[in-house]
Amino acid sequence: MQYRKLGRTGMDVSVVGLGLEHLEKADQATVHDVLSRLIDAGGNYIDLFMGSPDIRDRVGAALRGRRERLLIQGHIGAVWQDNQYGRSREPALCRTFVDDLLRRLATDYVDVLMIHFVDDADEWDRLLAPGEIMDIARQYRDAGHARAIGLSSHVPSVARRAVETGLIDVLMFPVNPIFDSIRGDRNIEALFNPETFEAHGLGADRERAALYDACERHGTAIVSMKTYAAGWLLGGNSDLHLKMTPAQCIQYALDRPGVAAALPGCRTVEEMDAALSYVTSTPEERDYAQVLADSLLWNQTNRCMYCNHCLPCPVGIDIGEITRLMDRMEAPESGFDPAVLRTSYAALPASAGDCIACGVCESRCPFGVGVSRNMERAAAVVGR
Ligand code: SF4
Ligand code: SF4
């Protein structure tokens with residue numbers, strides 16, 4: 001297993017974790033076995049948002065005697081009413097369900113307390129008022145019942161607004177190539193509706209890229225939900241000519257800036273094993289570049305994926321990194337300090353201006369990016 005820092009929290013998280021959503025109706029033995037598989041493979045990060053007493057009790061029983069081997073992400077604002085999942089912003093009810101989670105898990109803390117499912121900017125602003133959810137989350141943290149505060153959201157502009165407050169340590173966000181090809185203001189429901197789904201090309205949504213950049217700047221770790229795009233990517237999507245393996249999906253998520261871990265939802269031991277296959281997969285098995293290049297997500301926007309499949313360069317240019325720095329310099333909304341970007345650029349072994357336009361990189365790029373043109377642009381932006 002590989003581990004990454006969970007942003008500024010400093011916690012070490014396994015790059016493959018588990019979202020428990022699909023185990024909500026599973027029996028005790030299945031919950032136990034799936035969690036055991038994760039733990040035995042060195043996995044240490046789980047997300048449990050559901051308010052259902054059954055799944056909370058089963059996870060609690062499965063973790064008896066080994067709670068300390070896992071980092072638990074619980075949610076404030078997810079409740080269970082009338083025998084079904086619900087979302088609440090009512091402070092007393094939210095407290096009841098956090099206390100209930102701790103009791104059923106037989107622990108006195110969660111590692112990350114996520115403010116659950118905020119996709120509306122006005123709602124986010126309201127949650128910051130005294131006595132509202134952010135206040136309550138901080139009280140849990142200050143009392144030692146939560147080590148860090150997180151947010152789960154599906155809307156880039158809302159998530160970014162929250163991250164820019166500096167109050168969010170961890171962001172749970174859908175990271176996959178299908179969602180990355182959709183404009184950020186689209187309603188989450190529209191993503192799953194073939195009538196309204198419309199891909200604009202990978203990286204077309206600058207808001208999404210700006211969110212990833214903001215997370216990196218603030219030290220806010222991203223944990224990926226919907227890593228398989230709710231199964232679309234694994235089952236194959238004939239409209240998009242796209243089919244990926246679990247290892248490729250996980251690698252895609254882990255390659256986005258700021259992402260610390262992918263938390264695929266697994267229903268069975270077999271599905272957990274498929275996700276964990278990432279750990280033992282070869283770089284070739286994880287490589288998704290050609291799959292995306294062959295899909296209809298790629299719309300020839302000349303957008304570099306920073307994957308460096310085009311190397312080696314005869315004059316030693318780090319093409320992916322130079323292009324990433326140039327894109328950030330040209331996009332003020334990325335929020336990066338231009339001086340810091342220039343310092344990073346200066347530390348590279350070769351500059352864009354060293355490009356001799358030999359074109360060998362372009363023959364290797366699966367996305368058809370005009371690299372020598374990009375190097376010319378970068379040299380003009382930076383001045384060398
Ligand atoms: S130019 Fe192509 S191969 Fe090179 S980093 Fe960009 S997308 Fe990858
Ligand atoms: S075209 Fe420029 S960046 Fe590409 S391999 Fe040749 S020298 Fe390197």
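In listed order, ligands and their atoms are each counted from 1. For this chain, numbers begin at 1 and follow the sequence in order.
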Which of the atoms of ligand 2 are close to [X], meaning less than 4.0 Å from one of its heavy atoms?
X: P314; answer: 5 (S)
X: C355; answer: 1 (S), 2 (Fe), 3 (S), 7 (S)
X: G359; answer: 1 (S), 6 (Fe)
X: V360; answer: 5 (S)

Open item on the list: Side-chain heavy atoms nearer than 4.5 Å, only ILVMFWY residues, links allowed to pass through others: does that put Y109 and V112 together?
Closed with: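 The answer is no; the residues belong to distinct hydrophobic clusters.
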Open item on the list: For residues I46 and V279: do they belong to one hydrophobic cluster (side chain heavy atoms under 4.5 Å, members Ile, Leu, Val, Met, Phe, Trp, Tyr)?
Closed with: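 I46 clusters together with V279.
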Which residue and heavy atom of the protein sit nearest [atom], plus the separation:
atom: atom 8 (Fe) of ligand 2; result: C313 SG, 2.3 Å
atom: atom 6 (Fe) of ligand 2; result: C358 SG, 2.3 Å
atom: atom 7 (S) of ligand 2; result: I356 N, 3.4 Å
atom: atom 3 (S) of ligand 2; result: I319 CD1, 3.7 Å

Task: Between T245 and E285: side-chain donor-acceptor atoms closer than 3.5 Å - done: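 No, no side-chain donor-acceptor pair sits under 3.5 Å.
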Task: Side-chain donor-acceptor pair present, Y45, Q73, cut-off under 3.5 Å - done: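 Looking only at side-chain atoms, Q73 and Y45 do form a donor-acceptor pair, the distance falling under 3.5 Å.
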Open item on the list: Taking the ring of F117 and the ring of H154, is the distance between their centroids below 6.0 Å?
Closed with: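 Ring centres of F117 and H154 closer than 6.0 Å.
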Task: Distance filter under 4.0 Å to N308 heavy atoms, resulting ligand 1 atoms - done: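 So the answer, numbered in order with elements, is 5 (S), 8 (Fe).
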- [ ] Can you sort out which atoms of ligand 1 are near V371, meaning under 4.0 Å from one of its heavy atoms?
- [x]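 Near V371, the atoms of ligand 1 are 1 (S).
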Open item on the list: Applying a heavy-atom cut-off of 4.0 Å, say which part of C310 lies close to ligand 2: side chain, backbone, both or neither.
Closed with: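 No part of C310 is near ligand 2 at this cut-off.
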Task: Side-chain (Y345) to main-chain (A352) donor-acceptor, under 3.5 angstrom - done: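 Yes: the side chain of Y345 pairs with the backbone of A352.
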Task: Pair D12 + R4: basic N to acidic O under 4.0 Å - done: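 A salt bridge is absent here (no side-chain N lies under 4.0 Å from a carboxylate O).
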- [ ] Give the C-alpha distance, both sets of side-chain angles, the deciding distance and a yes or no for ring-ring contact (aromatic ring centres under 6.0 Å, His included) between H116 and Y85.
- [x] CA-CA 12 Å; H116 182 65; Y85 158 83; 5.8 Å; yes
TODO: Examine all N, O or S atoms of C361, backbone included, and report whether one is under 2.8 Å from atom 4 (Fe) of ligand 2.
DONE: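 An N, O or S atom of C361 is closer than 2.8 Å to atom 4 (Fe) of ligand 2, so yes.
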